[in-house]
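Handing you this structure, nothing more for now.
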There are 2 protein chains.
Amino acid sequence: MKKIKKYHQIQEYIKKRIQTQKYPPDSYLPSENEFCVQFGTTRTTVRKALDELLKEGFIAKEQGKGSKVLERGKYLGLLSVKGFSGSTDYKVKTRVTVEPKVVEWDPIIGFPLSEDEKSSKCVYFQRVRYIDDKPVVLENNWYALNALEPIRSEEFVEGSFFKTLSQEYLIEIMGAEQELRSVPASGDIAKKLGIAVGAPILHISIRFRTSRPHLNLYGDLYCNTTEYPIRNSYFL
Amino acid sequence: MKKIKKYHQIQEYIKKRIQTQKYPPDSYLPSENEFCVQFGTTRTTVRKALDELLKEGFIAKEQGKGSKVLERGKYLGLLSVKGFSGSTDYKVKTRVTVEPKVVEWDPIIGFPLSEDEKSSKCVYFQRVRYIDDKPVVLENNWYALNALEPIRSEEFVEGSFFKTLSQEYLIEIMGAEQELRSVPASGDIAKKLGIAVGAPILHISIRFRTSRPHLNLYGDLYCNTTEYPIRNSYFL
DNA sequence: AAGTGGTCTAGACCACGCG
DNA sequence: GCGTGGTCTAGACCACTTT
């Protein structure tokens with residue numbers, strides 16, 4: 001028998017409505033007092049729920065105005081290519097170069113797999129990111145088939161895999177671990193990124209942790225950083 | 001006339017005692033009820049103060065036991081060389097190769113300087129990080145002379161510049177922005193890191209924001225990632 | 001002036017860790 | 001069993017934004 005925490009119920013209720021766009025980005029949530037009436041509780045408890053959503057990056061609070069729904073992911077402190085998701089100075093495009101398909105795990109993945117994952121096949125897909133019509137990042141992705149079905153790229157919400165996870169599956173990215181290396185471009189990579197063989201490129205291995213138990217997303221990225229460096233900021 | 005928030009006073013009081021090691025790392029803080037008596041307030045307020053310190057990474061809470069003082073910096077999600085600050089699998093050493101000295105700003109710094117900073121000279125020093133007696137990272141650092149006096153490297157607390165800032169000056173790192181590039185090693189860098197000229201190395205430009213107004217720390221790092229990749233994790 | 005979120009009080013009971 | 005932190009109630013007053 002598990003104790004249900006009231007603030008957690010409220011938190012999950014609001015989170016679900018944000019994920020399914022019932023509270024769309026940039027709109028304001030109902031006021032704290034309205035939630036108090038709705039859930040038959042006090043402001044302390046409602047505020048605790050909102051504080052959690054604040055920490056998770058779903059909302060921002062504005063004194064005297066209300067709690068505003070954020071587009072999540074923007075404020076995650078993820079590594080991002082300079083200019084990506086920034087102002088429209090750059091034309092950014094993503095092309096799926098290998099459709100999601102079921103394959104065996106690739107030993108190139110830079111993290112040890114769990115027993116759960118090893119016992120399953122995996123879904124693989126590949127994308128290339130363009131800035132100003134030049135290929136800048138080659139990105140391989142994998143996840144365990146027994147944790148999430150294959151999703152066809154035409155079904156990606158606004159072309160984004162992460163947005164699809166959030167809005168269609170209510171799965172959120174909880175964190176990630178990365179390893180960064182500076183390496184010479186192999187012939188294959190060089191061709192796909194349109195650079196010289198042996199040119200220095202940034203290799204990134206990522207493991208994303210998600211809110212769904214046992215579901216990790218693995219990434220293997222190759223970035224041409226000569227014109228567009230990788231950016232990262234983090235604040236307390 | 002500014003309103004003084006009680007929880008903020010308590011927060012700063014405890015923070016100062018942690019920074020000056022009156023509450024040393026790994027020890028437990030006085031209980032919430034003891035703080036209530038000490039400051040003549042209620043648990044709600046004391047808990048708010050502790051929650052802030054939790055978010056800033058100064059303490060960890062353990063239900064049923066107490067609030068434990070953490071060694072700050074360890075849990076900041078900063079980029080770190082694999083093995084650095086981890087278990088003692090690796091022998092890690094830092095050598096100051098250029099003593100802190102007052103110089104003009106170097107145009108190599110990857111961020112625009114504020115007017116305040118430009119109007120001042122700056123303090124520069126250089127360090128090399130070794131793992132297993134092999135040089136792995138070459139690190140240049142700058143900060144504005146009008147924001148902080150030069151600190152001689154013999155005075156570094158436990159050889160660490162950041163620990164010195166925290167314990168001697170009560171200055172904390174609040175966040176950072178980075179730009180990462182994969183570049184070929186120049187002759188100078190190659191020699192200092194003991195690698196071939198033109199070998200791919202990871203170049204990182206950093207701006208650290210601190211709790212002291214107008215004080216930023218700038219970094220320009222060159223990392224040989226062939227044996228020891230750079231690691232980074234972040235969690236919500 | 002009305003409504004919002006921010007701070008604070010003075011309690012209560014619960015869940016966890018340890019002796 | 002006792003002390004710790006975790007959750008929750010039912011209020012109050014303040015600071016900020018908008019009408």
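What you see below is based on every heavy atom in this structure, not just the backbone, and it leaves out hydrogens, waters and symmetry mates. Here is the naming used below: chain letters follow the sequence lines, and residue numbers restart at 1 for every chain.
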Basic-acidic side-chain contact under 4.0 Å: B/E56, B/K15: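 B/K15 and B/E56: salt-bridged.
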Side-chain N,O (B/K5) to OP1/OP2 (D/dC14) below 4.0 Å: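 It does not, given that no N or O in the side chain of B/K5 lies less than 4.0 Å from OP1 or OP2 of D/dC14.
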Within the 6.0 Å centroid threshold, strictly below: B/Y124 and B/W142: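 Between B/W142 and B/Y124, which both carry aromatic rings, the centre distance is below 6.0 Å.
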NZ or CZ of B/R17 within 45° of B/Y23 ring axis and under 6.0 Å: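 B/R17 over B/Y23 ring: yes.
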Charged N-O contact under 4.0 Å between A/E179 and A/R207: no
B/Y7, nearest nucleotide to its side chain (from D/dT9, D/dG6, C/dT7): C/dT7
Residues B/R231, A/E177: salt bridge by 4.0 Å N-O rule: no
Separation of atom CZ in B/F35 from atom C1' in D/dT4, rounded to whole Å: 14 Å
Sub-4.0 Å heavy-atom contacts from residues 21-33 of chain B onto DNA chain C, ordered by number: none
Distance in angstrom units between A/F39 CZ and D/dT7 P, rounded: 17 Å
Check: A/E117/A/Y218 side-chain N/O donor and acceptor closer than 3.5 Å: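 The criterion, which ignores hydrogens and geometry beyond distance, is satisfied for A/Y218 and A/E117.
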Near-strand residues of residues 61-68 of chain A, defined as heavy-atom separation under 4.0 angstrom from DNA chain C: A/K61, A/E62, A/Q63, A/G64, A/K65, A/G66, A/S67
Side-chain ion pair, A/E172 and A/R212, N-O less than 4.0 Å: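 No, A/E172 and A/R212 are not salt-bridged.
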Minimum-distance nucleotide to A/R43 side chain [options: D/dA12, C/dA12, C/dT9]: D/dA12
Under 3.5 Å donor-acceptor, A/W105 side chain and A/S120 backbone: yes
Residues from residues 45-53 of chain A lying under 4.0 Å of DNA chain C - heavy atoms: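 The stretch gives A/R47 as the residues lying under 4.0 Å from the strand, ordered by number.
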A/L54 CG - C/dG6 C1' separation (whole Å): 13 Å
Ion pair check, B/E62 and B/K68, cut-off under 4.0 Å: yes
Lys/Arg N to Asp/Glu carboxylate O, B/K5 vs B/E52, below 4.0 Å: no
Side chain to side chain donor-acceptor pair (under 3.5 Å) partner of B/Q167, the single match among B/Q19, B/E158, B/Q21: B/Q21
Distance below 4.0 Å between A/T41 side-chain N/O and D/dT9 OP1 or OP2: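 True: A/T41 side-chain N/O within range (under 4.0 Å) of D/dT9 OP1/OP2.
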